[in-house]
Amino acid sequence: MKITLHVWRQKDRNAQGKLVRYECPNVSEHMSFLEMLDVLNEDLTTKGEDPVAFEHDCREGICGSCGIVINGVAHGPMPGTTVCQLHMRHFKDGDELYLEPWRAKAFPVMKDLIVDRGAFDRIIAAGGYISVPAGSAPDGNAIPVPKEDSDRAMDAAQCIGCGACVAACPNASASLFTSAKISHLGLLPQGQPERYERALNMVQQMTIEEFGACGNIGECEAVCPKRISIENIARMHRDYMNGAFSARPNAEAGSAG
Amino acid sequence: MSVGSAAQPAAGAKAAGDGSRLFLFYNSPVGKKAVMAVTGLVGFGFVIGHMLGNLQIFLGPEVMNAYGMKLHETPPLLYGARTVLLGAVALHIIAALQLIKMNSDARPTKYAKVSPVTSSYASRTMWWSGPILGFFIVYHLLHFTSGAAHPNFTYQDAARHIPAPYENVVAGFSNPLVSLFYIIAMILLMLHINHGAWSLFQSLGLNHPRYTPLIRTVARTASYALLIGNCAIPLAVLAGVVK
Amino acid sequence: MKLESRIPSGPIEKKWDNCRFDMKLVNPANKRKYSVIVVGTGLAGGAAAATLGELGYNVLCFSHHDSPRRAHSIAAQGGINAAKNYCNDGDSIYRLFYDTVKGGDFRAREANVYRLAQISVGIIDQCVAQGVPFAREYGGTLSNRSFGGAQVSRTFYARGQTGQQLLLGAYQALERQIDAGSVKMFTRREMLDLIVIDGVARGIVTRDMGTGKLEVTIADAVVLGTGGYGNVFYLSTNAKNSNATAIWRAYKRGAAFGNPCFTQIHPTCIPVSGDYQSKLTLMSESLRNDGRIWVPLKKGDARAADQIPEAERDYFLERRYPSFGNLVPRDVASRNAKMVCDEGRGVGPGGYGVYLDFADSIRRLGASTIRERYGNLFEMYDRITGEDPYSVPMRIYPAVHYTMGGLWVDYRLQSTIPGLFVIGEANFSDHGANRLGASALMQGLADGYFVLPYTIGDYLANTKLAKADESHVAAREALGNVENLTKKMLGIRGKRTVDSFHKELGKYMWEYCGMARTDKGLQFAMGKIAELREEYWKNVNILGSNEEINQSLERAGRVADFIELGELMCRDALERRESCGGHFREEWQTPEGEAQRDDENFSHAAAWLYQGDGKTPERLVEPLEFEYVHPSQRSYK
Ligand SMILES: Cc1cc2nc3c(=O)[nH]c(=O)nc-3n(C[C@H](O)[C@H](O)[C@H](O)COP(=O)(O)OP(=O)(O)OC[C@H]3O[C@@H](n4cnc5c(N)ncnc54)[C@H](O)[C@@H]3O)c2cc1C
Ligand code: HEM
Ligand code: SF4
Ligand code: FES
C-alpha cells in the first residue's frame with residue numbers, strides 16, 4: 001500500500017523545524033511502523049537526503065525509547081501499544097499521516113523526532129528509589145507482601161518511561177509517570193520508610209522541570225502503552241499532601257547518601 | 001577535545017528542610033490543584049444551594065422576596081457566606097491563572113494535529129470555561145446583587161437597602177440578550193462542573209475503583225441539573241410563565 | 001602471554017571466602033580518591049556503578065542510551081534463578097552450580113559458577129528490598145516457577161517483565177547515587193576507544209551522540225558492562241542498538257576475546273516476515289509447556305494448518321525425543337526446527353517456520369486457562385503477526401538470542417589488560433557453551449552488586465598508578481585514532497547504506513556460523529566477510545557530519561566492528577573442532593545427530609589475542625578442570 005507522511009524535520013535543538021512530505025509507495029501490511037521508516041530512511045540515504053532521526057531500541061514495547069505522535073495521538077491509534085509494536089495493517093492504502101515529536105518544554109527536541117527526556121531521570125533521582133545499599137537487605141521472605149499489593153505495585157511499576165503521557169497531556173504534565181513510581185514504591189512495605197518524603201521530593205522535581213499541572217483530563221492513561229491508571233495520580237496527591245503537612249522538621253534531615 | 005562534562009541534574013531541590021512547607025506545598029502544581037479543588041468544592045456547594053434558593057421564584061413573589069429578606073436579616077449568614085465565597089473565588093482565580101500560565105508554558109510549540117482519544121470536551125476546556133465564568137460572576141454581581149448593571153433595580157425595603165429579587169429577576173430576564181448571556185454562562189457552568197465536580201476528588205487524592213465511577217455520575221448529573229434548573233428561570237421569564 | 005585465571009585455593013565452597021579474605025581493602029576515606037569508569041548501565045553496569053558509588057568511589061558512568069533505564073536488560077522476560085529452595089523441592093547452591101555447569105556443556109570455569117550460585121541467594125534479597133515486585137503467593141511469600149534445564153522451581157519472576165523490574169531496581173539505586181553526587185552519569189555517550197597507559201587501562205574516548213564532540217575521560221580503572229554482541233547476525237532478539245564496539249575496541253587494545261563463537265539460538269521466536277524485517281521477537285520458552293511443535297509430513301505442503309489431518313503431521317520433537325518431547329533444551333529444539341525446514345517442510349512465508357500448536361491444550365484445559373497462562377504472549381504475537389494463536393497455531397523459528405562469548409576475564413573479572421574489568425554478558429565467564437534460561441540476569445547482578453565491587457577494590461589497593469590526564473600521549477593517540485576513523489568513514493560517500501552491509505554480514509553469519517557449522521562453510525564465510533570488509537571501506541555511504549546527531553554514523557562504527565568480529569567468530573568456530581552446547585559442528589555428532597564433545601582436545605576456553613590489522617590473532621587457551629561435576633554426554637531421548 002501507499003502511505004504519505006508529513007514528518008517533523010528539525011536539524012538540532014536550536015533550529016526551526018517544519019513538516020516535510022514523503023511518499024512511501026511500497027508499504028507491506030506486515031511491516032511495523034518503524035520498519036516503514038527504516039525503508040524510508042534507506043531510500044533517503046540512497047538518494048543523498050538526510051534520513052529521519054527517531055529513537056528506538058528494543059522494538060518490543062519495553063525499553064521506552066520510541067515515541068512518535070501520529071496524527072495527533074501519542075504512539076498512534078492502537079491502545080496499549082508503543083509505536084515500535086504498531087503494525088501497518090492498522091492503516092489503509094492512501095493514508096496520510098502526520099508524525100511529530102513529543103512536545104513539551106521539559107522535552108526539548110534534539111533532532112527530528114528525537115527529544116531529550118532527561119527530566120524523567122532527574123525526577124527519579126529526586127526520590128524514586130528505596131535507599132538500600134547492596135548487601136544490607138534482609139531475606140527476601142522476611143517481609144510478606146500481600147499478593148494484591150504486590151500486583152498493584154507491579155501494575156504501576158510497568159511504566160516504561162516513554163513520555164507518551166506528557167506528550168498526550170494538553171498541559172504537558174508528567175503526573176502519570178511520576179505517580180507511577182510513587183505508587184509502585186508506596187504500595188510495598190519496603191517503600192514505607194521514605195514514602196511521603198519521596199512524594200514530596202519527586203513532585204518538587206517535577207515542578208522544577210517545568211512540566212504542566214494535571215487537569216485530570218485522562219489523555220495520558222488513554223495513550224499509555226502500559227495502561228497505567230490515573231488512580232496513581234490521586235495516590236500521588238494524597239502522599240504529597242501527607243508529606244507536606246505531616247512531616248516533622250527534625251525528621252527531614254535524611255536525603256540520599 | 002575536551003574532558004567529559006557530566007549532564008548533571010538540575011539542582012536537585014530536596015523539598016525537605018528548606019523554606020516554608022506551605023510555600024513549597026503551594027509552589028507545586030499538586031498544591032495549587034488542592035486549592036482549586038477545595039475552593040471549587042465551595043463554589044460547587046454554593047451554586048447548588050443558590051440554584052435551589054432561586055428556584056423559589058416559581059413559588060411566587062412573596063416566597064421569593066421573603067427568602068431574600070430572610071438572608072438579609074441574618075447578617076452573620078449573609079456576610080459569612082459572602083466572605084467565604086469571595087475568598088474562595090479569589091483563591092480559585094489566582095490559582096487558576098497560575099495554573100493556566102504554567103500549563104501553557106509547559107508546551108511552547110503546539111502540535112500541528114491534535115486528536116484527543118478519550119477525554120471529555122468539558123475537561124479540556126476548563127481553562128476557558130472558568131475565566132469566562134469569572135466575567136460572568138462579576139456581571140452577575142453587578143446585575144442582581146449591587147444593581148449597578150441593572151437598568152431598573154428595585155428594593156423591597158429601600159431604607160435598609162434590601163433588594164426585591166423577584167422583580168429584579170423578572171425585569172432583568174425580560175431582556176432576551178441578557179437571558180441569552182445567562183444561558184450561555186450556564187452552559188459553561190455545566191461544562192465546568194461536569195468535569196470539575198469529579199476532578200476535585202481526584203485532586204484531593206480520592207480515587208477508588210469502587211467509588212470513582214459513582215462520583216463521576218453524580219458530577220455529571222449535578223451539572224445537567226444545574227443547567228436545567230438555572231436556565232429554567234430566564235426561559236420562564238421570557239415565556240411569560242413568571243412575570 | 002599466558003592466561004592467569006587466578007582461581008583461589010581451597011575447596012570449591014570456600015574459594016570465594018578465601019578470595020575475599022585475601023583481598024586488600026581500600027580504606028573508606030580513601031575510596032573517594034579513586035575514580036572508576038563504568039561503561040554500560042544494564043543489570044551489570046548499573047548495579048556496579050550504583051554499588052561503587054555507595055561504597056564511596058568516585059564513579060563516572062557512561063551509556064549510549066538517553067537514559068540508564070533503557071539498557072537492553074530491560075527486555076528480559078522469563079525470570080532470574082536463585083538457589084533459595086523456597087519451594088522445598090531439594091534445591092541447593094550445589095544443585096544450581098551442577099545444573100549450570102552441565103547446561104553449559106562443560107565449558108565453563110567451575111569456581112566461577114559455584115560463586116554465582118552462592119551469590120544468587122543474596123541477589124533476590126537485594127532486589128526485594130529495592131522494591132522489585134516479584135510474583136507472590138497469596139500468603140505474601142515469593143513465588144517460583146521452573147525453567148528449562150532444571151528439575152526444581154527456582155526461577156523468580158515479575159510477570160513477563162523480570163528484566164525490566166530488575167533493571168529498574170538497579171537504575172533507581174544508580175539514580176540515587178547520581179543525586180548524591182557519587183556517580184556522574186554521562187548519557188548518550190558512546191565509548192569508541194580504550195586508553196591504555198603503561199599497560200594498564202586508564203580511560204576511554206567517547207563521542208557525545210548529541211553534538212559529536214569527542215571526549216577523553218581518565219580514571220583509575222575501567223569497567224565494561226556493555227552487553228552481548230548477538231546483533232552481529234543483524235537479526236536477533238537483541239535491541240537494535242546493542243553492539244560490540246566497546247569490547248571490540250578493547251580487544252584491539254589487548255584484551256583477549258574468549259570463546260567468540262559460543263552463541264545461543266533460542267527456539268521460540270516469531271519468524272521473519274519480509275526483507276524489511278529489523279529484528280526478531282522472542283516468545284517465552286514457557287510456551288513449550290503447553291504447545292506442541294509440528295510441521296507437515298509432506299514437503300511443500302501449502303494447506304492451512306487446520307486442513308492437515310493428524311496423520312499427515314510430524315510432531316518431530318515428540319517423535320525424536322520421546323522422554324523430553326517439546327521440552328528439550330534450547331540448542332536441541334533449535335537445531336531440529338532448522339533441520340525440518342531445510343528438508344523443505346517449514347511453514348509460513350519463506351518456509352522458515354514451524355507450528356507451535358495450542359489446539360490440544362485448549363481442548364484439554366479450556367481457552368481461559370491458556371489465556372491466564374500466556375495471555376500477554378498471545379497478545380504480543382497477535383499484535384506482530386495479525387494472527388490469533390487461539391484459533392491458528394503460532395509459527396515460530398529459532399533466532400539468535402545471547403552470546404556466551406565475550407572478553408576473557410579471570411576469577412576476579414579482570415581482562416588481560418590490568419585495570420580493565422568486564423561484567424555481565426560482555427564477558428565470557430559463567431555459562432560455558434550454552435546458557436540456561438534465567439541465569440543471565442543472575443550473572444549480571446552477581447557481577448555488578450557483589451563481585452566486582454570487591455575485586456576492583458583489591459586492584460586499586462594493590463596498584464600504584466602514575467599520574468595521568470587527558471594530555472597524556474596515549475590519550476591523545478586514542479583520541480586521534482577515533483578522529484581518524486570517523487573522518488575516514490564520513491569521507492567514503494560510497495553507494496551502499498550501512499544497513500545493507502549489516503544485512504549481508506548477518507546472512508553469512510546465520511548461514512555458516514549459526515545453528516550448524518562446517519569446516520567448509522566457515523572457511524567460505526570468512527572469505528565472504530573479508531570481501532565484505534574490503535567493500536565496506538570503499539563503498540559505504542554515510543551522510544551528514546560528525547557534529548550532529550548522526551544515526552548512520554553511529555551504526556557505521558558498530559557495523560565495521562561487527563564485520564571484524566564476525567570473522568573472528570568464524571575463526572573460533574573453525575578452530576573448535578568439536579560440538580558443544582550451542583556450537584554445533586556437523587562433523588562432530590553422535591550417530592543420533594547430537595552434539596559430540598571432544599574433551600580430550602577441547603576442554604578449554606579459547607581466548608583470542610589481537611595482533612594487529614590483517615594479522616591472524618593468537619589463540620590462547622585456558623584449560624578447564626572439572627573436579628566436582630564430571631563431564632558426561634547429555635541425553636534427552
Ligand atoms: C529478549 C530477551 C529476553 C531475555 N530473557 C532473559 C531471561 O528471562 N532471563 C535471563 O536470565 N536472561 C535473559 N536474557 C538475557 C539477558 O537479558 C542479558 O544477557 C542481560 O540483560 C545483559 O545485561 P548486561 O548488563 O550485560 O548488558 P545490557 O543490559 O545489554 O547493557 C549494556 C549497556 O552498555 C551500554 N553500552 C554498550 N555499548 C556501549 C558503548 N560503546 N558505549 C557506551 N555504552 C555502551 C548500553 O547503553 C547499556 O547501558 C534475555 C535476553 C533477550 C534479548
Ligand atoms: C461558579 C464558579 C466556579 C465553580 C463552581 C468552579 C468549580 C471548579 C471545580 C470544582 C474545579 C475542579 C478543581 C479540580 O480539578 O481539582 C474547577 C477547576 C477549574 N476552574 Fe473553576 N469554578 C468556578 C469558577 C472559576 C473561575 C471564575 C475560573 C477562572 C479564573 C475558574 C477556573 C478554573 C480552572 C482553570 C480550572 C481547572 C484547573 C486545572 O485543572 O488545572 N473557575 N473549578
Ligand atoms: S506512564 Fe505510561 S505513558 Fe507515561 S511514561 Fe510511563 S509508560 Fe509511558
Ligand atoms: S523501541 Fe523499545 S519501546 Fe519501542
Side-chain angles (χ1 to χ4, degrees), chain A residues 6 8 19 69 71-73 79 98 100 103-106 109 118-119 121-122 125-126 168 170-173 175 197 200-201 203-219 221-223 230-231 233-241 243-245 247 249 252-255, chain B residues 7-18 21-22 24-34 36-37 95 98-100 102-120 122-124 126-127 195-196 198-209 212:
Chain A
H6 299 265
W8 183 260
L19 288 164
V69 175
N71 276 358
V73 182
Y98 284 78
E100 297 178 78
R103 294 213 182 276
K105 185 169 189 200
V109 174
D121 290 331
R122 295 189 289 274
N171 303 340
S173 167
S175 291
E197 217 54 18
L200 213 53
N201 289 328
V203 168
Q204 218 61 47
Q205 190 64 34
M206 185 174 96
T207 314
I208 291 170
E209 300 290 348
E210 302 186 86
F211 288 104
C214 175
N216 304 325
I217 296 169
E219 281 297 305
E221 77 179 352
V223 300
I230 58 171
E231 191 188 340
I233 299 182
R235 186 179 289 102
M236 168 171 85
H237 286 204
R238 216 151 64 217
D239 284 1
Y240 177 81
M241 287 188 259
F245 292 120
E252 292 171 359
S255 90
Chain B
Q8 270 301 310
K14 285 283 155 195
D18 58 77
R21 287 232 160 214
L22 204 60
L24 277 170
F25 172 71
Y26 186 73
N27 188 39
S28 78
V30 180
K32 290 193 180 66
K33 283 289 302 201
M36 290 301 282
Q98 291 176 319
L99 284 168
I100 291 171
M102 184 184 248
N103 294 342
S104 85
D105 287 353
R107 175 159 299 132
T109 319
K110 309 287 176 239
Y111 289 109
K113 278 225 163 191
V114 184
S115 18
V117 183
T118 54
S119 58
S120 65
S123 69
R124 282 177 274 127
M126 295 296 275
W127 66 276
H195 178 67
W198 92 267
S199 170
L200 73 93
F201 288 93
Q202 170 83 6
S203 299
L204 292 174
L206 305 170
N207 182 323
H208 191 285
T212 298

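Comparing B:P209, B:G205, B:G31 by how many heavy-atom pairs each has under 4.5 Å with chain A, the most go to B:G205. Of all the listed residues (A:G72, A:G118, A:A104), the one sharing the greatest number of non-hydrogen pairs under 4.5 Å with chain B is A:G72. Comparing B:M36, B:H208, B:K110 by how many heavy-atom pairs each has under 4.5 Å with chain A, the most go to B:K110. Interface remark: of the candidates A:I230, A:V109, A:V203, A:L19, A:I230 forms the most heavy-atom pairs closer than 4.5 Å to chain B. Annotation: maximal heavy-atom pairing with chain B below 4.5 Å, among A:E219, A:M236, A:E221, occurs at A:E219.
At a 4.5 Å heavy-atom cutoff, B:W127 makes no contact with chain A through either its backbone or its side chain. For A:E100, the part lying under 4.5 angstrom from a heavy atom of chain B is the side chain only. Only the side chain of A:V69 comes within contact range of chain B, with heavy atoms under 4.5 Å apart. If you measure heavy-atom distances from B:A112 to chain A, the contacts under 4.5 Å come from both the backbone and the side chain. Contact annotation for A:F211: only backbone heavy atoms (N, CA, C, O) come within less than 4.5 Å of a heavy atom of chain B. Residue B:K32 does not touch chain A at all, counting heavy-atom pairs closer than 4.5 Å. Contact annotation for B:L99: only side-chain heavy atoms (C-beta onward) come within less than 4.5 Å of a heavy atom of chain A. For B:I100, no part sits under 4.5 Å from any heavy atom of chain A, backbone or side chain. Residue contact with chain A, scored on non-hydrogen atoms closer than 4.5 Å, is absent for B:S104.
A distance of 13.0 Å separates CD in A:Q205 from OG in B:S28, rounded to the nearest 0.5 Å. Expressed to the nearest 0.5 Å, how far CZ of A:R122 lies from CD1 of A:I208 amounts to 10.0 Å.
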Exercise for the section: Start with the C-alpha gap between B:T109 and A:R103, add the side-chain angles, then the distance that decides, and say whether side-chain hydrogen bond (donor to acceptor under 3.5 Å, both in side chains) holds. Expected result: CA-CA 7 Å; B:T109 319; A:R103 294 213 182 276; 4.6 Å; no

Handout entry: CA sep, side-chain torsions, deciding dist, call: A:Y240, B:F25, ring-ring contact (aromatic ring centres under 6.0 Å, His included)
Key = CA-CA 8 Å; A:Y240 177 81; B:F25 172 71; 5.7 Å; yes

Exercise for the section: Step by step, work out the side-chain hydrogen bond (donor to acceptor under 3.5 Å, both in side chains) result for A:N216 and B:S203. Expected result: CA-CA 8 Å; A:N216 304 325; B:S203 299; 3.1 Å; yes

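Between the side chain of A:N71 and the backbone N or O of A:Y98 there is at least one donor-acceptor pair closer than 3.5 Å.
With a 4.5 Å cut-off on side-chain heavy atoms, B:T212 and B:L206 do not count as touching. A heavy-atom distance below 4.5 Å is found between the side chains of A:T207 and B:P29.
Between the side chains of B:Q202 and B:N207, at least one donor N or O lies within less than 3.5 Å of an accepting N or O.
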